[in-house]
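Naming: A, B, ... by sequence-line order, numbering from 1 per chain. Hydrogens, waters and symmetry mates are skipped; everything else that's a heavy atom, side chains included, is used.
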Amino acid sequence: MFAHVDINNCYVSCERLFNPALEGRVVVVLSNNDGCVIARSIEAKAIGIKMADAEFMVRQNLKENNAAIFSSNYALYADMSARLMNNLARYTYTLMVYSIDEAFMALGNISDLDLEKHTAAISENVMRHTGLPITVGVGPTMALAKLANKAAKKQKRNFLVLDTDEKVDATVRDFPIEDVWGVGHQYYHKLTEFGVKTAHDFRELKADFVRQHMTVQGWRLHQELWGKPCNIIKDVAERSKGIESSQSFNSYQTELEPLEEAVAMHAATVALKLRQQQSMALTLTIYLRTNKHNVKHDQHYPSITVKVPFAANTTYQLTRVAVQAIRAIYQPGYNYLKTGVRATGIIPAGEVQYHMFSVYEHSKEQKLSELMDGLNSRYGRGTVRLGADSFERKWIMKQEFLSHQYTTDWKDIIVTQ
DNA sequence: TCTGGGGTCCTAGGACCC
DNA sequence: TCTGGGGTCCTAGGACCC
């Protein structure tokens, strides 16, 4: 059996925890650049605010309802997430952190375990120890655990255990197909054409038919909804296939120079993450995007994938590769809105193959990177950077409604006390 | 005027090999 | 005039997730 746990309205719950006056109010949290809504309180849902609604389109509605609006405060959410995961780890040996606010746990084949009691205890203890409201779904596969979680929320319960075929059948029967894990926009439309409205309808399709129209992933989902596991719990080290840093600009960029600066910053972020997990990257993908929503602009989505000499994780090397790459794909005449750097081909730092006769001074760069990491961790991120990375960062993201750094900044800790 | 960032997995098709 | 078959590896792009 598997349990799926998530924090209810995660970012809103985190903000409320340190600001109880927000209880009962319409609260929303915005994405980076304050672009769109990514978390909503129950009250916000009630006035019709949808996930991913653009902020400017719901501004009036929020104002009329005296909404509390926040920019994303990831330092805070990541900290609360860690507290949740530490608590969950006490209930299982196999915890899979699936996202900032979600985890899967293997409950094993414990026949004498009272799943109802166990699940209720998890939810109560997490609330007592962290203050975070969570929902727990339990089922024989990860897809059914996830479905159980969502069904619990619909029934306004803290948990739901699907430990018999009868319970699964009953829950699947009216469960909307678009709410099933793995069914997005495209598959929803396709399935609607086949007359599928619920998870039950989907289960009734022939497995071969599903395989044909929804690739092997759809087939696996089909199996899982019948209680046959295809997904397994993986730990973080096995899962990391790529590391990416990307961001939209706060205004259109047409010149090469700010793009180089942004790419240099992303390369530095990726390099730091690689060093933190003691790995190196063999390949780097650098891309540029215009604004897909603006139909009046010519669109350009260039990307380039380059081999990093040997393998690397130093800021200097990755920045050099990334800046060269952006020069190769940049074309004047477009309004660029976003750029990013992605590392793939990730290998443990100890396994690098250097050329026998190479004169490359990797140890020097390694030391330089370590020194920069030390200064940046002591005096704040970005204190020391390469010259390619801008000092001005005119394109930096908008965060007009940022809350305090409650858990990480001593000044805020004193304020809140 | 204003629409996120960071991921995973799969498939088709090109390059290359013998 | 006639020009293979079978395989691997890689990448771009599309689907999905939170």
Separation of C/dC18 P from A/Tyr98 OH (nearest whole Å): 6 Å

Secondary structure string for DNA chain B (Watson-Crick or G-U under 3.5 angstrom, | for other-strand pairs): ....||||||||||||||

Atom pair distance, as rounded to whole Å: CD in A/Gln247 and P in B/dT3: 13 Å

Identified side chain to side chain contact (heavy atoms under 4.5 Å, CB included) counterpart of A/Tyr11 within the set A/Leu30, A/Val27, A/Ile100: A/Ile100

Separation of atom CD1 in A/Ile38 from atom P in B/dG4, rounded to whole Å: 10 Å

Proximal nucleotide (of B/dC2, B/dC9, B/dG5) relative to the A/Asn33 side chain: B/dG5

Qualifying residues under salt bridge (Lys or Arg N to Asp or Glu O under 4.0 Å), relative to A/Asp201, sequence neighbours excluded: none

A/Asp174: partners by salt bridge (Lys or Arg N to Asp or Glu O under 4.0 Å), with sequence neighbours left out: none

Check: A/Phe401 ring centre within less than 6.0 Å of A/Phe70 ring centre: no

A/Asp179 bridged to A/Lys153 by N-O distance under 4.0 Å: no

Non-neighbouring partners of A/Tyr77 that pass side chain to side chain donor-acceptor pair (under 3.5 Å), sequence neighbours left out: A/Glu15

Aromatic ring proximity, centroids under 6.0 angstrom, A/Phe104 and A/Trp181: yes

cation_pi(A/Lys154, A/Phe175) dist<6.0 Å, angle<=45: yes

Over-ring placement of A/Arg211 relative to A/Phe209, 6.0 Å and 45° cut-offs: no

Exercise: do A/Asn125 and A/Arg128 side chains pair donor with acceptor under 3.5 Å: yes

Inter-nucleotide C1' distance (C/dC17, B/dG4), Å rounded: 14 Å

Contacting residues from residues 325-343 of chain A, given that a heavy atom lies under 4.0 angstrom of DNA chain B: A/Leu337, A/Lys338, A/Arg342

Residue A/Cys36, side-chain atoms from C-beta onward, closest of C/dC18, B/dG5, B/dT3: B/dT3

Nucleic acid footprint by protein, nucleotides 11-16 of chain B - heavy-atom cut-off 4.0 Å, B for base, S for sugar-phosphate alone: S-----

Protein-nucleotide distance (A/Glu55, atom CD; B/dC2, atom P), rounded to Å: 13 Å

Spacing of A/Arg289 atom CZ relative to B/dT3 atom C1', expressed in whole Å: 14 Å

Proximity to the side chain of A/Asn291 - top-ranked nucleotide from B/dG6, B/dT3, B/dC9: B/dT3

Within 45° cone and under 6.0 Å: A/Arg157 NZ/CZ vs A/Phe159 ring: yes

